[in-house]
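Below: the structure, in structure tokens.
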Amino acid sequence: MLTNFSLLQSSVRSQGNIMATLAPESARPPHSQLGSSPSIQTNLPPNRGLERALEEAAASGALNLSSRKLKEFPRTAANHDLTDTVDADLSKNRLADVPSEVCHLVALETLNLYHNCIRTIPDSIIGLQSLTSLNLSRNQLGSLPACLCSLPLRVLNASNNKLVSLPETIGQLHGLMELDISCNEITALPRHIGRLKALRELNVRRNLLCVLPEDLADLPLVKFDFSCNKVSTIPVCYRKMKQLQSLQLENNPLQSPPAQICIKGKVHIFKYLSIEACRSEKMPDSLYLPVMERLSLSRVEDMEQQKKQDSDSGVGSDNGDKRLSATEPSDEDSLSLNVPMSHITEEQGLSKDDSSEHISSLTGTHTLDSHMWTVKVSVLYDRSPACGPPSFSSPPFGLKPRSVFLRSHKSLESVDPQFTMRRKMEQLREELELMEQLRDNIESRLKINLPEDLGTSLMDGVVLCHLANHIRPRSVASIHVPSPAVPKLSMAKCRRNVENFLDACRKIGVPEDRLCLPHHILEEKGLVKVCITVQALVDEASSKQTPLT
């Protein structure tokens, strides 16, 4: 029975196979179900989507062809009216050039060519005289054409390319408000970039810049990013950027301002630049002429009038006695250039030659400028002994003369502005010499190179503590030092370092009168006193080593 059932099954199967072979083609499963046509189905939607995008662009004025792997502009676009297109997005495609069809869209205002393979920009792009926003980022551009600067651009993004420079005509983009040229190979910014008077945001991140142009200080920048470059100095004129809100400068080998200042933020950076500007204005070479030029003639005449009112010379009085003064000279007396020389020469017996020489040095002084005025006055006191002022051994009427020629040098100092400038110059030179001496004492012993801002490098007390330990080992038991996680010490730790350094100086033998105070180091307000303390520390160590040797 089992054998009969198996024979029946086999016969049924054979009949089914015969029916399948004899079935007509219409009864067979459709070709789409055989697995050989998925590629056809996947190609059809993009074509239909491309046509739909062109139709929407003709209707709305916004052309969106992003992420379609296009190597050229669609040829079917000629079948649609795109002349009124104002926004074109061709990003994330495979375009090797800017399509010429795009350059004919004269009404275009925004063009996005992000993430393509574009190597050059055609000159025909100058026809887009309504273009205000252009995105060329993440392409392979080696340069930007000069004709690009003739467009009314407000936003230009050329980041992530291979640019080595910007066109010199970039100053013609008077309406440009945002410029992004980050992630390129630019070594210097053009000098005409200072003409972009509308620029608000500038991004030059990750380039090869070594110097920042000073012309940027005149721009109304709100955001400025020059991080990841090779900039070592921020120009002091950048303190004039009053509208700047965001400043990114990390990953630069900055020396001025130093890193300790930069990590504190924009406010501290601008404060440092202001201090540096004041220091540069007080250099010795600029102490004479600029100050003398600022002294106007009216100021000198006002000073003379004030001195005349405060003094009581008595010279030229009409009481008939032709006296010089009836009282002893006081400290309130001042130099007067209006003294009639005839009275002085008659009473004091001056020689004719001397009187004529003094008259020639005094007359006409009011018509000269302030610099010549100081020179004329100094002639009276810088004479050689052979032709100096005569000795008044026998004053007339038994009175002490109060002549201009017998004035003390103290009164001259109060009148002569050049003397004050010379004294300030000498004082500043002495301070600079002390600073250099302090730098040499530290660098020669610790074998380090201190930054240009000496006060900032010493304010945390770390270098000074190491110097004390170098002179006498273990004089400072513990030193708080910065770490990569905490690059800046707290004020409490800085004060502890400074106090430990001063205690070590006392132990070594530095006198109290030569010790500075903690705030001289912490607040950078007494670097001269810090110089004196370090010099005393070095001298004390050398004096104790000399007997041993």
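These numbers were taken from a predicted model, which means no experiment stands behind them. What you see below is based on every heavy atom in this structure, not just the backbone, and it leaves out hydrogens, waters and symmetry mates.
Here Phe226 pairs with Phe224 under the ring-ring contact (aromatic ring centres under 6.0 Å, His included) rule; sequence neighbours left out. The side chain to side chain contact (heavy atoms under 4.5 Å, CB included) search around Glu452 returns Ser256, not counting sequence neighbours. Among residues two or more places apart in sequence or in another chain, the side chain to side chain contact (heavy atoms under 4.5 Å, CB included) test is passed with Ser124 by Cys103, Pro122.
Side chains of Asp225 and Ser227: a donor-acceptor N/O pair is present below 3.5 angstrom, by distance only. Looking at Asn469 and Ser475, their side chains do bring a donor and an acceptor atom within 3.5 Å of each other. With 3.5 Å as the limit, one finds a donor-acceptor pair spanning the side chains of Asp539 and Gln535.
Between Ala158 and Leu144, the shortest heavy-atom contact is CB-CD1, 4.4 Å. The nearest pair of heavy atoms linking Leu54 to Pro74 is CD1-CB, 4.5 Å.
Within the structure, no pair that satisfies the ring pair (Phe, Tyr, Trp, His ring centres under 6.0 Å) test touches residues 94-128, not counting sequence neighbours. Contacts classified as ring pair (Phe, Tyr, Trp, His ring centres under 6.0 Å) and involving residues 247-280 (residues at least two apart or in different chains) are not found.
Two residues are said to be in side-chain contact when any heavy atoms from C-beta on lie closer than 4.5 Å; Asp180 and Leu156 fail this criterion.
Environment of NZ in Lys266: crowded, with over 12 heavy atoms of neighbouring residues, nucleotides or ligands closer than 6.0 Å. Taking a 6.0 Å sphere around CZ of Arg506, one finds it holds more than 12 heavy atoms contributed by other residues, nucleotides or ligands.
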CA sep, side-chain torsions, deciding dist, call: Thr533, Cys505, side chain to side chain contact (heavy atoms under 4.5 Å, CB included):
CA-CA 8 Å; Thr533 301; Cys505 292; 4.3 Å; yes
With side chain to side chain contact (heavy atoms under 4.5 Å, CB included) as the test, would you mind laying out the steps for Leu131 and Leu153 before giving the verdict?
CA-CA 6 Å; Leu131 192 66; Leu153 293 176; 4.1 Å; yes
I'd like to know whether Arg279 forms a salt bridge (charged side-chain N to carboxylate O under 4.0 Å, His left out) with Glu276, so could you lay out the CA-CA distance, the side-chain angles of the two residues, the decisive distance to 0.1 Å, and finally the verdict.
CA-CA 5 Å; Arg279 288 179 180 177; Glu276 287 297 313; 3.2 Å; yes
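Ionic pairing of Arg52 and Glu55 is not present here: no N-O contact between side-chain nitrogen and carboxylate oxygen is shorter than 4.0 angstrom.
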Donor-acceptor contacts, no H, no angles, side chain residues 211-222, under 3.5 Å, sequence neighbours left out:
none

